Amino acid sequence: MTATIESPRSGRIAPRYRRSGGAKGNFEMIAWLFMRLSGVVLVVLIFGHLFVNLMVGEGIHAIDFGFVAGKWADPFWQFWDLAMLWLAMLHGTNGVRTIINDYAEKTSTRRWLKTVLYAAAVVIILLGTLVIFTFNPCPVVNGVALPGGFCPA
């Protein structure tokens with residue numbers, strides 16, 4: 001097992017060989033396993049999403065506000081899109097975290113990059129979840145229903 005020890009003078013990572021694994025080794029193994037499993041699930045979710053959106057019905061010509069509103073009226077599609085959002089963001093965040101660990105040499109640089117990465121991931125996950133569950137396809141503004149004829153009277 002290869003572990004990394006920080007050089008006290010430069011703040012850079014110096015590779016060292018260590019036989020005993022620590023808590024970080026266990027986390028890295030779980031992160032590695034998550035990447036593989038989430039990748040397989042994401043392939044199914046994404047191809048299902050593409051098939052329904054592009055192949056079923058009128059295909060790409062049917063995709064508009066009403067199409068999305070109709071899909072998100074069904075809790076199944078809300079869960080499907082939520083799972084796709086969460087898994088894609090966590091999968092991508094974990095991948096970028098690995099790249100930061102591999103290429104950012106100084107501890108302070110790694111810390112700042114990962115802080116920005118985690119903050120962006122949390123904001124996107126929260127906003128995406130909020131949109132999926134609070135989406136109202138028939139908003140009423142000043143007593144006028146917007147935007148079209150697919151809303152019930």
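For the single chain, residues carry numbers from 1 onward in sequence order. All values reported here derive from a predicted model rather than from experimental measurement.
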*asked:* Atom CZ of residue position Phe79 - does it have more than 12 heavy atoms of other residues, nucleotides or ligands inside 6.0 Å?
replied: no

*Counting only N and O atoms by type, is there a donor-acceptor contact under 3.5 Å from the side chain of Arg110 to the main-chain atoms of Glu105?*
yes

*Are Val116 and Leu90 connected in the hydrophobic side-chain network, where two residues link if heavy atoms are under 4.5 Å apart?*
no

*Non-neighbouring partners of Val96 that pass side-chain contact (heavy atoms from CB on, under 4.5 Å), sequence neighbours left out*: Ile100, Leu117

*Inter-residue atom distance Thr93.OG1 - Tyr118.OH, 0.5 Å rounding*: 8.5 Å

Scan the side chains in residues 119-129 for donor-acceptor partners under 3.5 Å anywhere in the protein, sequence neighbours excluded, and list what turns up.
residue, atom, partner, partner atom, Å
Thr129, OG1, Trp86, NE1, 2.9
Thr129, OG1, Ile125, O, 2.7

*Could you tell me the separation between the CE atom of Met55 and the CG atom of Leu50, rounded to the nearest 0.5 Å?*
10.0 Å

*asked:* Please find the pair of heavy atoms, one from Met84 and one from Leu42, that lie closest to each other, and give the distance.
replied: O-CD2, 3.9 Å

*Is there any salt bridge (Lys or Arg N to Asp or Glu O under 4.0 Å) pair reaching into residues 129-138, and which pairs are they, with sequence neighbours excluded?*
none

*asked:* Is there a side-chain contact between Leu54 and His49 in this structure, where contact means two heavy atoms from C-beta onward sitting under 4.5 Å apart?
replied: no

Side-chain atoms of residues 131-140: list all donor-acceptor pairs with protein atoms under 3.5 Å, sequence neighbours left out, distances to 0.1 Å.
residue, atom, partner, partner atom, Å
Thr134, OG1, Leu130, O, 2.5
Asn136, OD1, Cys138, N, 3.1

*Determine, using the 4.5 Å side-chain heavy-atom cutoff (strictly less than), whether Ile46 and Val52 are members of one ILVMFWY cluster.*
yes

Residues 63-76 side chain polar contacts: donor-acceptor under 3.5 Å, at least two apart:
residue, atom, partner, partner atom, Å
Asp64, OD1, Gly66, N, 3.2
Asp64, OD1, Phe67, N, 2.9
Lys71, NZ, Asn53, OD1, 3.1
Trp72, NE1, Asp81, OD2, 2.6
Asp74, OD1, Phe76, N, 3.1

Report, one line per pair, each donor and acceptor closer than 3.5 Å where one atom sits in a side chain of residues 30-41; sequence neighbours left out.
residue, atom, partner, partner atom, Å
Ser38, OG, Phe34, O, 2.7
Ser38, OG, Met35, O, 3.4
Ser38, OG, His91, ND1, 2.7

